[in-house]
Amino acid sequence: MENTKTESRAVSADFEKKIAELQRIVEKLESDSSVSLEDSMKLYESGLELTKECVQDLNAMQSRISDLNRQLDSILQQPLFGDRDE
């Protein structure tokens with residue numbers, strides 16, 4: 001369980017870094033008119049790759065949340081005080 005929490009934190013931190021880098025790229029493309037066309041294309045391609053990675057990260061986290069919800073449903077379906085027919 002602790003390993004899963006550590007992995008989730010690592011994914012979250014990595015996701016945050018990707019988002020920050022994506023924001024930096026967008027700001028540079030929007031505000032820096034001195035960027036050459038070639039450099040703009042490289043930044044745009046980097047932004048697309050980061051976007052793809054972020055979507056993959058979000059999908060992985062959504063899958064993890066679904067797994068956790070299934071576990072919760074299973075727990076909630078268990079009787080609170082054991083079998084009452086005894």
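Model, not experiment: these values are computed from the prediction. For this chain, numbers begin at 1 and follow the sequence in order.
Rounded to the nearest 0.5 angstrom, Lys52 NZ and Leu50 CG are separated by 11.5 Å. Taking CE from Met41 and OG from Ser36, the interatomic distance works out to 11.0 Å, rounded to the nearest 0.5 Å. Rounding to the nearest 0.5 angstrom, the gap separating the CG atom in Asn69 from the CZ atom in Arg64 is 10.5 Å. In this structure, Phe15 CZ and Glu53 CD are separated by 11.5 Å, a value rounded to the nearest 0.5 Å. In this structure, the separation between CG on Leu58 and OG on Ser63 is 12.5 Å, given to the nearest 0.5 Å. The distance from the CG atom of Leu22 to the CD atom of Glu49 is 11.5 Å, given to the nearest 0.5 Å.
Cluster membership check: Leu48 does not share its hydrophobic cluster with Ile19, using side-chain heavy-atom separations under 4.5 Å among Ile, Leu, Val, Met, Phe, Trp and Tyr.
Checked by atom type and distance alone, the side chain of Ser46 pairs as donor or acceptor with a backbone atom of Lys42 at under 3.5 Å.
Electrostatic pairing of Arg24 and Glu21 counts as a salt bridge here, judged by a charged N lying under 4.0 Å from a carboxylate O.
Residues Ser40 and Val35 share a closest heavy-atom pair of OG-CG1, 3.4 Å.
Using a 4.5 Å cut-off on side-chain heavy atoms (C-beta onward), Ile25 and Tyr44 make no contact. Side-chain contact check for Val26 versus Gln23: every heavy-atom pair is 4.5 Å or farther apart.
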query: Hey, mind stepping through Arg70 and Asp67 against salt bridge (Lys or Arg N to Asp or Glu O under 4.0 Å) and telling me if it holds?
result: CA-CA 5 Å; Arg70 279 192 290 279; Asp67 290 344; 2.3 Å; yes
